[in-house]
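Values below: every heavy atom of this structure, side chains too, minus hydrogens, waters and symmetry copies. Position 1 is the first residue of the sequence, and the numbers go up from there.
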Amino acid sequence: MSRQAQQLFDRHRETLDQAVEAITARGFWSPYPENLRKYPEEAVKGASRRFEALLRRPFPLKVPAVAGQVGAEVSPYGFELGVTYDQPEQGALIAAMQAAMPAWRDAGAEARVGVCLEILARLNAMSPDIAQAVTHTSGQAPMMAFQAGGPHAQDRGLEAVTYAWQAMSRVPATSRWVKPQGKHDPLVLDKRYHIVPRGISLVVACSTFPTWNTYPGLFASLATGNPVILKPHPAAILPVAMTARVAQEVLEEAGFDPCLVSLVPDTAEAPVTKTLALEPAVKLIDFTGSNAFGEWLEQNATQAQVFTEKAGINTVIIDSVEQIKPVAQNLAFALSLYAGQMCTTPQAIYVPKEGIRTAEGRLSFDEVAGALARAVETFLSDNDRACAVLGAIQSPATAARIDACRGLGEVLLDSEPREHAQFPRARIHTPLLLKVDASQRDAFGEERFGPISFVIATDSTAHSIQLAREVIGEKGAITLGAYTTDEAVAEQFEELAMAVAAPLSLNLDGGVFVNQSAAFSDFHATGGNPAANASLCDQAFVARRFVVVQSRRHGQPD
C-alpha cells in the first residue's frame, strides 16, 4: 500500500469503525450533517456563484482519448446549463481501465477503502455545490437537493464501502493448514487468499436522483477493486461529473490512475448504454430507471452481474385510524414531496368502500378520500411552501403523463401548475389524485411515474390485502404503508410485507414518511420483488463484486 493511501485509511479509520457498528446496530447514525448550518458559511453562500461559474463552458475530466463533446442539459427550472463534457473513445477507455486495475487490486482493501472514504469526505465538504447541480438537473427543490443529493447520498456511499470492508476483511490474507496423520508427519499447506475484482463496473445513473442512486454502486465496486464507468442520464450529467472529478483527484493524489473512475456521457439521440452494457470487459452493472431497460439489461448483459432498481406500485392500505387528520397530513406530504418523482412515493391507496373505523366514529370511503384531497390542497395552499416541497418536474414526459392520466378515474384533486417566484419558467405541478374502483386494475395496476395517485375502493381490508398481494407480486413495490388500530390486522400487514418482500411502514402520522429511507438502518428495496433485484445496502450487494482466489503450497511442520 502506498504511504498516501495508508494515511487516508488511518485518517478515516474512526469513521469506518463507527459505520461498521452502525450497520450492525441499525440505529440512527451519520457522519455527514444534513443541516446546512453545520457547513462553513462561505461554502453555503458561495455555492450559487460557483455553480454559475460551471455553466456555459467545458467541464474538464481526465480522459484517455476523446471521441467528441456532448452536453445539452436544461434545468427543469427553465434555462440551459450550456456545460459540455468530453465523451471518451470507448476502446481506449476500456484498455486504460484494464491496465489500471491490477495496481488498484494489488493495493489491498485498506488502500481502496481509504481512497473511497477520502472521496466521500471531499464530496461532503462540497455538498452545497452538488445541491446546486442536483437542483438544476433533477428538479429537486434546493433543500431536498442538498440533503438527498449531498449527505444522504454520501451516507449510502459510505454504507456500501462499509459492507465492502466488512466482506473483504473477513477473508484472511494467509493461513496454515495442518492435517494430523497419526504416526506420520502432518500434511502442511501454506495458503494465500487474494481479493480479485470481477472487472469493469458500469453504473447507469438516473435523472431524478443522480447521486443518491449512483453512489452505492460506485463505491461498492470501487472499494472491491473494480474500475467504474459512470454513465449519467443525458439530462443530469453535471452532478455525476462533479463526483467523477473528485474521485479522479483523490485517486491521482494517492498514486493511482485517475481513469479508475471515468465519466461516459451521451445524448438522448445517440445513447451508448447498450453498447457499454454488452462490452465483454464490463462485469458489473448498476442501473436505476425504467422497467423496460432494467429488464433488457437483466436479459441481455449476461456477462455481467446486474443490479437493478426499477419501478413498482407503491402501496398504502388504510384499515382504521385513531384520527384521520394526522394520517391525511402525513400522506399529503408523502404524495407531494418532489412531486411524486421518488421511487418510494405511494401510488395505490386502498380503502374499503364501506369506510373505516376511527376513534371519533366511522368515516365513509368518500370522507376518507376527501380528507386526503383536502390535506394535499391545504398543505400546498401556500405557493412558496408548495414550490419548496414539490420542486420541478424533471422531464416534460412526466408533465404530459399527468394530462394523459386524468381520464383514468374520477378526479378527487386535480393537478395544477404553479409559478416559482425566482424561476417563472419552472415546470411545477401539484399532485393528481384519482378515485377508482378495485375493478379498474388497468388504471392503478400500472406504474404512473410522477404526481399521480389513486384512492381505490375495495370490498374490505381483506380485499385490499389480496389486491396488494397480487399487484405487488406482479409489478413489485419499494414501499408498503398501512394503517390500522387492530393488532391482529397489523400482523396481517406484517405477513403481507413478507409475502411480497416489500418493507412495511405502519401507522405513520408524524414526522417520518413512507418515502423516506435512512442509510445504516433502512434497507432500501429488498431485491425480493419485481421492483428491484438488489437491496441498498446489504452484504449481497457487495459480495458479488469480487471473488476470492487462493493459492497453496507445501509448508514445513512447525
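The structure places CG of D414 at 10.5 Å from CG of L433, a figure rounded to the nearest 0.5 Å. Considering OG of S138 and OH of Y338, their distance stands at 4.0 Å, rounded to 0.5 Å. The CG atom of L218 lies 7.5 Å from the SG atom of C116; values are rounded to the nearest 0.5 Å. Taking OH of Y483 as the reference point, atom OG1 of T358 lies at 15.0 Å (rounded to 0.5 Å). Within the model, atoms CD1 of I23 and CG of D538 stand 10.0 Å from one another, a figure rounded to the nearest 0.5 Å. Within the model, atoms OG1 of T267 and CD1 of I237 stand 9.0 Å from one another, a figure rounded to the nearest 0.5 Å.
Side-chain contact check for T458 and S464: at least one donor-acceptor pair (N or O, by modelled atom type) lies under 3.5 Å. N213 and E309 share a donor-acceptor pair across their side chains, judged by distance under 3.5 Å alone. Side chains of D366 and S364: a donor-acceptor N/O pair is absent below 3.5 angstrom, by distance only. For the residue pair N515 and T344, no side-chain donor N or O sits within less than 3.5 Å of a side-chain acceptor on the partner. Checked by atom type, the side-chain pair S320/T485 shows a donor-acceptor distance below 3.5 Å. For the residue pair Q154 and N124, a side-chain donor N or O sits within less than 3.5 Å of a side-chain acceptor on the partner.
Annotation for A236 and C206: closest pair CB-O, 4.4 Å, computed over non-hydrogen atoms. The shortest non-hydrogen separation linking H524 to I478 is CE1-CG2, 3.8 Å. Nearest heavy-atom pair, D266 versus K231, reported as atom, atom and distance to 0.1 Å: OD1-NZ, 2.9 Å. Shortest non-hydrogen contact noted between P128 and L36 is CG-CD2, 4.4 Å. R245 and L54 make their closest contact through NH2-CD2, 4.0 Å (heavy atoms, listed as atom of the first residue, atom of the second, distance).
Taking E159 as the reference, R26, R156 meet the salt bridge (Lys or Arg N to Asp or Glu O under 4.0 Å) condition, with sequence neighbours excluded. Residues passing the side chain to side chain donor-acceptor pair (under 3.5 Å) test with Q323, sequence neighbours excluded: E360. Residues meeting the salt bridge (Lys or Arg N to Asp or Glu O under 4.0 Å) test with R357, sequence neighbours left out: none. With sequence neighbours left out, E322 forms a salt bridge (Lys or Arg N to Asp or Glu O under 4.0 Å) with no residue at all. Residues passing the side-chain contact (heavy atoms from CB on, under 4.5 Å) test with S415 are I402, R406, H429, T430, L432, sequence neighbours excluded. By the salt bridge (Lys or Arg N to Asp or Glu O under 4.0 Å) test, R49 is found to be paired with E42, residues two or more places apart in sequence or in another chain being considered.
Here F287 and F293 bring their ring centres to under 6.0 angstrom of each other. Taking the six-membered ring wherever Trp is involved, the centroid distance between the rings of F219 and Y163 does not fall below 6.0 Å. Proximity of the aromatic rings of H152 and Y215 is defined here by a centroid distance below 6.0 angstrom, and this criterion is not met. Side-chain rings of F454 and Y350 stay apart, their centers remaining 6.0 Å or farther from each other.
Counted within 6.0 Å of NZ on K325, heavy atoms from surrounding residues, nucleotides or ligands total 12 or fewer; the atom is thus considered open. Taking a 6.0 Å sphere around CD of E470, one finds it holds more than 12 heavy atoms contributed by other residues, nucleotides or ligands. Around atom CD of E80, no more than 12 heavy atoms belonging to other residues, nucleotides or ligands sit under 6.0 Å away.
Salt bridge status for K310 with E447: absent, with no side-chain N to carboxylate O gap under 4.0 Å. Taking 4.0 Å as the cut-off between side-chain N and carboxylate O, E446 and K475 count as a salt-bridged pair.
Here the side chains of F51 and L238 are in contact, with some heavy-atom distance below 4.5 Å. Residues D155 and W29 form no side-chain contact, since every pair of their non-hydrogen atoms from C-beta on lies 4.5 Å or further apart. At least one side-chain heavy atom of H463 sits under 4.5 Å from a side-chain heavy atom of Q466. Taking 4.5 Å as the limit, some side-chain heavy atom of L331 sits within range of a side-chain heavy atom of V316.
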Worked verdict on E474 versus R441 for salt bridge (Lys or Arg N to Asp or Glu O under 4.0 Å): CA-CA 12 Å; E474 180 183 350; R441 189 152 158 178; 3.6 Å; yes
